[in-house]
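To start, the structure under review is shown below, and the notes come after it.
Numbering of ligands and ligand atoms starts at 1, following listing order. Numbers here simply count residues along the sequence, with the first being 1.
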Amino acid sequence: MKTTKRRSGAIRVRLKTERTRADSGDFSKVAESLAEIGRGFYARGWVLGTSGNFSSVVSREPLRLAITSTGLDKGNLTPSQFLEIDEAANVMRGDGRPSAEALLHLTIVRSVGAGAVLHTHSVWGTVLSGTHARHGGLALQGFEMLKGLAGVQTHKHREWLPILENSQDMVELADRVSRTLEQAPGIHGFLLQEHGLYTWGESLAEAKRHVEILEFLMEVLVRSGAAQNA
Ligand SMILES: [Zn+2]
């Protein structure tokens, strides 16, 4: 009887250890991918001067995100600079402090069920989010590259990128983000005025593709304006 008890105890311990190891492996893999994507975005000039932040869901139940800690040079991003946070942005793993914008990442993950959220501060997004703020958003239509957005089949698709007024009050801003996502459920991203782009995807690969597509299209709009004035 005693032996059986000891055995089942040993089995329980081993299962628990294996599960912990698997979680730790998931986090490391995700952090490695995020770091690589971040260095790539820095090289493109989309996250200069410690701007931008990146996150990916590590587990849904309970909710855990791998996310950049605040104030990092994205050109030298390493997996060890990522934190694991819970649904209230408490740090569960890693050293450092999450960006105040972690609340926006959590809001997007919860609102649209995103698997990853990427945030950039490009010149193009900064320019357009200022010039189009009075329209409440920016329409992208007629471009072949739109087909890179999940579910979009034709260049005739009209993608609406809402522009939200910037704020340093993240609780208030997260609330506005949540309402925007509720009112426009099909969107793939939004801009914060004179700040930057937020986009997301079911997977990290999809979110990265959305950054590339939206940054490409915003650059085209700004440059074609310059071409018209030539
Ligand atoms: Zn930002």
Cation-pi, Phe27 ring and Arg64 (6.0 angstrom, 45 degrees): no
Under the side chain to side chain contact (heavy atoms under 4.5 Å, CB included) rule, what do Glu215 and Trp124 come out as? Steps first, then yes or no, please. CA-CA 7 Å; Glu215 288 293 356; Trp124 321 109; 4.2 Å; yes
Distance col, row Arg176:CZ vs Ser167:OG, nearest 0.5 angstrom, shows 6.0 Å
Do you know the tightest heavy-atom contact between Leu140 and Leu217? CD2-CB, 4.1 Å
Atoms of type N/O/S from protein, distance to the Zn ion (ligand 1) below 2.8 Å: 4
Any donor-acceptor pair under 3.5 Å from Glu159 side chain to His188 backbone: yes
Relative to each other, are the rings of Tyr198 and His119 parallel, tilted or perpendicular (30° and 60° limits)? parallel
